[in-house]
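Report on one structure; see the data block that follows.
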2 protein chains.
Amino acid sequence: MDTAKPDTTSRILDVSERLFVEHGFEGTSLRMITQQAGVNLAAVNYHFGSKDALFEAVFLRRLAPLINACLSELDTLETQPEPSVEGLVMSFIRPCLMLSKDPSRGGAIFVRLLSRTLVENHRVLRETLSQQYSLFVERYSAAFQRVLPDLDAEERAWRMHFSFSVMFNAFAGNDVLKIFTRSQVVSARDPDMIVKHLLPYVVSALVAPARI
Amino acid sequence: MDTAKPDTTSRILDVSERLFVEHGFEGTSLRMITQQAGVNLAAVNYHFGSKDALFEAVFLRRLAPLINACLSELDTLETQPEPSVEGLVMSFIRPCLMLSKDPSRGGAIFVRLLSRTLVENHRVLRETLSQQYSLFVERYSAAFQRVLPDLDAEERAWRMHFSFSVMFNAFAGNDVLKIFTRSQVVSARDPDMIVKHLLPYVVSALVAPARI
DNA sequence: GTAAGTTTCAAACGTGTGTTCTAAACGCGC
DNA sequence: GCGCGTTTAGAACACACGTTTGAAACTTAC
């Protein structure tokens, strides 16, 4: 057999990631996971300890690489003498784009999981991970201050807030308007297409002159 | 006793709305609802038929007024000879703002519920409600075409898409960056404050000249 | 080959779920 | 006061949940 299947732990993680984003934490049962992964029901509790710990493990596997990619983008950005707003925006978009196009790292699924878990306000994101990656927002705050020095701190914080919101939800595929239309009008789900329109949108909003 | 409590049906709806947004559909049990509402467990199935039907009822109570408020805003907008982008954006923001400040209509809770149910991709939003309010997106598409005639259709669709995304998530309180920081830096949760910064952000992004 | 350590397996545990049932209580026209 | 449709009450249903157990199967080292 050519398709040598990976070990139990990885199979559980892969299937969990997909099912958690599809049905949420509460809506995904260990029986669904173990059945689709082709492993015994007790395997989850054996390898991870509990359903909660499994959920956390699913996150830890993907989040650290994504964060580190962003931080190293910021590193190279800071070496430049005159960093642009566009460059700063791309420093977040590029890692998301990489992730979206790499199926071996979960593809676009993980961003959707992050988004879903965010609105579900799950304990893992509130307690376990929040303090662990506070560096992320500190670094980006400093970077925004550098490229948008003319804005006062409050206005800059709001624009940064809105920008991450629209970028994050674009990659997560959260199409608000799909509530009302059966067919996905615009979100062709092609990551490159998203960026092509997302980047100018965010940059335009960021560089607009401040209201007096 | 002065605090004459409303009838069983309303109490169930009020409590359900709050619990569904807090714990999600799967995470909210009928026992939680009926207990907090002070009604018998069987009351939900008697008055609504099933948990699914209750969820749908929670939506129908709030969604129609919100949509209709937006549509009537569009009506008055169309009477004006030269509608502005700002006016169009406000035609969506104003009803959201009204809703957010009116506790008797659920306050900001319902927008959060809408947001949560959207990412949960629940059947109710996918099947029951999508076709019912397709007029909403048609009307807004037409309005965007009127105020932004110089953009080609594709670019306009994307900008509209992004704009609804950032507006919707702002009112829903979906703070992406709160994953990484324990304290809510910016989202002071004051609806007027949100609009003060949200409106210029969206308008700037919408009116930016198209790339060649 | 055998022993020790690791992983898998089927079965069961206790608890909580949505839903249903039947009887009791209520509201109201007459 | 009586009768009838509506609502509420507690109890029970069958089922699914996360977790635990103890034995079987496998892997590794000597």
Side-chain angles (χ1 to χ4, degrees), chain A residues 1 3-61 113 116-117 120 122-124 127-128, chain B residues 1 3-61 113 116-117 120-125 127-128:
Chain A
M1 184 77 90
T3 62
K5 53 186 182 181
D7 63 340
T8 303
T9 302
S10 298
R11 283 218 309 286
I12 292 177
L13 285 174
D14 290 338
V15 172
S16 298
E17 190 171 51
R18 185 167 47 81
L19 290 181
F20 278 143
V21 71
E22 205 166 334
H23 305 102
F25 180 76
E26 311 261 12
T28 305
S29 73
L30 294 184
R31 283 167 178 82
M32 292 165 64
I33 293 173
T34 52
Q35 208 164 308
Q36 294 206 22
V39 302
N40 189 268
L41 171 60
V44 168
N45 282 279
Y46 174 78
H47 286 282
F48 297 95
S50 67
K51 188 186 177 185
D52 269 287
L54 165 64
F55 193 63
E56 198 172 320
V58 169
F59 265 93
L60 290 176
R61 183 173 64 148
L113 177 60
R116 173 153 198 168
T117 310
E120 281 184 355
H122 192 276
R123 209 205 76 260
V124 165
E127 299 171 11
T128 312
Chain B
M1 183 74 90
T3 61
K5 53 186 182 182
D7 62 340
T8 303
T9 302
S10 298
R11 284 218 307 287
I12 292 177
L13 285 174
D14 289 339
V15 172
S16 298
E17 190 170 51
R18 185 167 47 81
L19 290 181
F20 278 143
V21 72
E22 206 165 335
H23 305 103
F25 180 76
E26 312 261 11
T28 305
S29 72
L30 294 184
R31 282 165 179 82
M32 293 166 62
I33 294 172
T34 53
Q35 208 163 306
Q36 294 205 21
V39 302
N40 189 269
L41 170 62
V44 167
N45 281 280
Y46 175 77
H47 286 282
F48 298 95
S50 68
K51 188 186 177 186
D52 269 287
L54 165 64
F55 193 64
E56 198 172 318
V58 169
F59 264 94
L60 290 176
R61 182 172 67 147
L113 177 60
R116 173 151 198 169
T117 311
E120 282 185 355
N121 203 21
H122 192 276
R123 210 205 74 260
V124 164
L125 241 55
E127 298 172 11
T128 313

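Below, chains carry the letters A, B, ... as their sequence lines are ordered, and counting in each starts from 1.
Looking at heavy atoms from C-beta onward, A/Tyr46 lies out of side-chain contact with A/Thr8 at the 4.5 angstrom threshold.
Nucleotide D/dT7 holds its P atom 10 Å from the CG atom of B/Asp7, rounded to whole Å. Computed from coordinates, the A/Ile33 CD1 to D/dA16 C1' distance equals 14 Å when rounded to whole Å. Between A/Lys51 atom NZ and D/dG18 atom P there is a gap of 4 Å when expressed in whole angstrom units. In this structure, B/Gln35 places its CD atom 14 Å from C1' of D/dG10, rounding to the nearest Å. Atom CG of B/Asp52 is separated from atom P of C/dT17 by 16 Å (rounded to the nearest Å).
At distances below 3.5 Å, at least one donor-acceptor pair connects side-chain atoms of A/Lys51 with backbone N or O atoms of A/Phe25.
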Protein-to-nucleotide contact annotation, 5' to 3' order, nucleotides 6-13 of chain C [B base; S sugar-phosphate only; - none; under 4.0 Å, heavy atom]:
SBBBB-B-

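The structure places CD1 of B/Ile12 at 9.0 Å from CG of B/Leu30, a figure rounded to the nearest 0.5 Å. To the nearest 0.5 Å, the span separating CG on B/Leu125 from CD on B/Glu56 amounts to 10.0 Å. Considering NE2 of B/His23 and CE of B/Met32, their distance stands at 4.5 Å, rounded to 0.5 Å. With values rounded to the nearest 0.5 angstrom, B/Asn45 atom CG is found 10.5 Å from B/Asn40 atom CG.
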From CA spacing to verdict: side chain to side chain contact (heavy atoms under 4.5 Å, CB included), A/Arg31, A/Val44
CA-CA 10 Å; A/Arg31 283 167 178 82; A/Val44 168; over 6 Å; no

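Interface residues of residues 18-30 of chain B facing DNA chain D, ordered by number: none; criterion, heavy-atom separation under 4.0 Å.
Under the rule for a ring pair (Phe, Tyr, Trp, His ring centres under 6.0 Å), B/Phe48 has no partner lying at least two apart in sequence or in another chain.
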